[in-house]
Amino acid sequence: PVPQCTAAGGAAGASWYLALLGLAEHFRTSSPPKVRLCVHCLQAVLPRKPPARMEARTHLQLGSVLYHHTRNGDQARGHLEKAWLISQQIPQFEDVKFEAASLLSELYCQENSVDTAKPLLRKAIQISQQTPYWHCRLLFQLAQLHTLEKDLVSACDLLGVGAEYARVVGSEYTRALFLLSKGMLLLMERKLQEVHPLLTLCGQIVENWQGNPIQKESLRVFFLVLQVTHYLDAGQVKSVKPCLKQLQQCIQTISTLHDDEILPSNPADLFHWLPKEHMCVLVYLVTVMHSMQAGYLEKAQKYTDKALMQLEKLKMLDCSPILSSFQVILLEHIIMCRLVTGHKATALQEISQVCQLCQQSPRLFSNHAAQLHTLLGLYCISVNCMDNAEAQFTTALRLTTHQELWAFIVTNLASVYIREGNRHQEVSSVQGNLECVCGISAWLCEKC
């Protein structure tokens, strides 16, 4: 039972509140965290009818603990909704207000209530224009939500709004982050004509910006990763080498820098793209991509092994979803390498590993299902199981809308039918007439 008191305000009120808050934090930071006791301490605040600020903050803390440390989504949502509702009535209470909105929208997305999350974020963005950090953060969050829904046009628009806002509030660093993020989405959309001028502008901003060395180098890494990807997408393998060399030098520079944790003077600069350990894995990944395209298979295997070893170490301490994405993409590349070099059994083991990773995340499976079936089809070809290869490629075609992957699958499916002697079936199975393969061949010739 909660001991009663005569007043919630004044020094006495502050003392019991701080005591309960201190206990809650002690239990939360224990090893392992004592979540139940932490929640009990925070819940003990509410029956005392505290002032609105205490009440809103307590609901936010309860919602955050329940969201991050338990599976009790209903209670977490209830507390976060109350924190958002109460904090909107309190002037000068931005941190609680916008953190509640941010966490609540994350929870809605986790519950597949995306249509509820969007208007919440839009309202928070609308009322946060006088709070640069939260305005930028919420713009990033809504842009990410649109990206996950594959609405890249809306996401690009929001990132453009963010870049202009960052320019107005004098944050060239965050302006560069918004523009580089937009460039990444334009690359995903294959809008290469728009990417080139945007990357040119980003390069100028990155070089001219003077600030925290780690932030500057991380911007440079982001920029160079996009440059390398841009060249690889365009098939310009030889043009990649100077950028790739700069990228490798940048990551070496970052690894020698110590983060002194000096906070920027501009609150809009309180962002960081990726932890430097994640950047290191990403550089390995783009190096593997280049090595595969250039035909340096031994080099691809060497950097894949290094990256996977680094990932295993990171995943012991960090459960960030991006690490699993990196791991799946690396494995997809090395599986193709194994098949080319004749290591079929190893390739099959690694395909099984990709399946296990994808089973842990519905989103990861959705994004990589077509690639998985394609890899299985390639394995089936390598062991001369043409019926199974056909089934895998046909399934992969149903699962992808990506133009280049579709072309790759169709080409391999055509080779299966040719090897079986069923040239007419080849075309009818894919599109119904011979024009399909002719169109793919013309497209491939144009790309080459």
Side-chain angles (χ1 to χ4, degrees), residues 94-95 98-99 102 121 124-125 128-147 155-187 194-230 243 246-283 286 320 322:
E94 281 74 13
D95 280 352
F98 299 127
E99 188 174 348
S102 178
L121 283 172
I125 287 167
S128 65
Q129 293 188 37
Q130 302 305 314
T131 315
Y133 167 73
W134 278 109
H135 191 65
C136 292
R137 179 169 161 176
L138 293 164
L139 281 167
F140 275 126
Q141 190 170 347
L142 185 54
Q144 183 181 27
L145 179 52
H146 282 298
T147 302
C156 281
D157 289 343
L158 283 164
L159 292 170
V161 169
E164 178 57 22
Y165 177 83
R167 185 191 67 79
V168 170
V169 297
S171 174
E172 287 296 286
Y173 168 76
T174 302
R175 181 188 177 204
L177 279 180
F178 275 114
L179 290 173
L180 288 166
S181 301
K182 183 177 179 179
M184 181 173 62
L185 297 189
L186 291 173
L187 278 172
E194 294 181 42
V195 170
H196 183 70
L198 186 64
L199 288 182
T200 302
L201 173 61
C202 288
Q204 294 168 356
I205 295 172
V206 171
E207 289 307 313
N208 293 333
W209 185 72
Q210 301 299 320
N212 183 302
I214 288 183
Q215 286 184 313
K216 185 176 178 71
E217 289 303 313
S218 72
L219 281 180
R220 188 175 280 127
V221 169
F222 196 172
F223 169 70
L224 289 168
V225 165
L226 294 187
Q227 283 273 42
V228 170
T229 308
H230 183 34
C243 291
Q246 288 182 59
L247 186 55
Q248 290 162 347
Q249 289 170 347
C250 273
I251 206 65
Q252 287 176 354
T253 303
I254 285 179
S255 63
T256 63
L257 294 172
H258 297 287
D259 193 352
D260 48 17
E261 296 192 11
I262 297 174
L263 292 177
S265 56
N266 190 337
D269 286 344
L270 287 167
F271 294 96
H272 197 61
W273 176 47
L274 282 176
K276 54 186 177 183
E277 296 81 10
H278 293 195
M279 283 189 267
C280 182
V281 175
L282 181 58
V283 172
V286 295
S320 174
I322 198 171

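Residues: numbered from 1 along the sequence shown. Quick note: numbers below take in every heavy atom, side chains included, and nothing from hydrogens, waters or symmetry partners.
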(Q) Between Phe178 and Leu139, is there a side-chain heavy-atom distance shorter than 4.5 Å? (A) yes
Q) So, Asn266 versus Ser171: side-chain donor-acceptor pair below 3.5 Å or not? A) no
(Q) Could you report the tightest heavy-atom contact between Leu158 and Ala143, atom names first, then the distance? (A) CD1-N, 3.8 Å
Q: Apply salt bridge (charged side-chain N to carboxylate O under 4.0 Å, His left out) to the pair Glu164 and Arg175, showing each step before the final yes or no.
A: CA-CA 7 Å; Glu164 178 57 22; Arg175 181 188 177 204; over 6 Å; no
Q. With distance as the sole criterion, is a donor-acceptor pair present between the side chains of Glu94 and Ser128 under 3.5 Å?
A. no
Q) Can you tell me if Ser218 uses its side chain to pair, donor with acceptor, with the backbone of Trp273 under 3.5 Å? A) no
**Q.** Ring centres under 6.0 angstrom apart (Phe271, Tyr173)
**A.** no
Q.
Show the nearest heavy-atom pair for residues Leu187 and Leu226, with the distance to one decimal.
A. CD1-O, 3.8 Å
(Q) Assess whether a salt bridge exists between Lys276 and Glu217, defined as any Lys/Arg side-chain N lying under 4.0 Å from an Asp/Glu carboxylate O. (A) no
Q: Begin with the C-alpha distance, continue with both residues' side-chain angles, and end with the deciding distance and a verdict on side chain to side chain contact (heavy atoms under 4.5 Å, CB included) for Glu172 and Asn208.
A: CA-CA 9 Å; Glu172 287 296 286; Asn208 293 333; over 6 Å; no
Q | Beyond-backbone contact of Lys182 with Leu198, side-chain heavy atoms, under 4.5 angstrom | A | yes
Q: With rounding to the nearest 0.5 Å, note down the distance linking CD in Gln215 to CD1 in Ile254.
A: 11.0 Å
Q) Can you tell me if Lys216 uses its side chain to pair, donor with acceptor, with the backbone of Gln210 under 3.5 Å? A) no
Q) Nearest heavy-atom pair of Leu185 and Ala155: which atoms, and what distance? A) CD1-CB, 3.5 Å
Q. At what distance, to the nearest 0.5 angstrom, does CD1 of Ile214 lie from OG1 of Thr256?
A. 9.0 Å
Q | Distance-minimising heavy-atom pair for Ile205 and Leu179 | A | CD1-CD1, 3.7 Å
Q: Would you indicate whether the side-chain heavy atoms of Ile322 and Leu274 approach each other to under 4.5 Å?
A: yes
Q. What's the spacing between Leu199 CG and His230 NE2 if we round to 0.5 Å?
A. 6.0 Å
Q. To the nearest 0.5 Å, what is the distance between OG1 (Thr131) and CZ (Arg137)?
A. 13.0 Å
(Q) Assess the residue pair His196 and Thr200 against the criterion (side chain to side chain contact (heavy atoms under 4.5 Å, CB included)); give the C-alpha distance rounded to whole Å, side-chain angles, the decisive distance to 0.1 Å, and a yes or no. (A) CA-CA 6 Å; His196 183 70; Thr200 302; 4.1 Å; yes
Q) Got a second to check how far Cys202's SG is from Leu180's CG, nearest 0.5 Å? A) 4.0 Å
Q: Work out which heavy atom in Cys156 is nearest to a heavy atom in Leu186; give both atom names and the distance.
A: SG-CD2, 4.1 Å
Q.
Quick check: closest heavy atoms across Thr174 and Phe140, and the distance to 0.1 Å?
A. CG2-CE1, 4.3 Å
Q) Centroid-to-centroid, Phe98 to Tyr133, below 6.0 Å? A) no
Q) Is it true that atom NE2 of His272 has more than 12 heavy atoms of other residues, nucleotides or ligands lying nearer than 6.0 Å? A) yes
Q: Supply the atom-to-atom distance Leu257 CG to Ser255 OG, rounded to the nearest 0.5 angstrom.
A: 8.0 Å
Q. Would you call Trp134 and Pro267 a side-chain contact if the rule is heavy atoms closer than 4.5 Å?
A. no
Q: Answer yes or no: is there a side-chain heavy-atom contact under 4.5 Å between Leu138 and Ser102?
A: yes
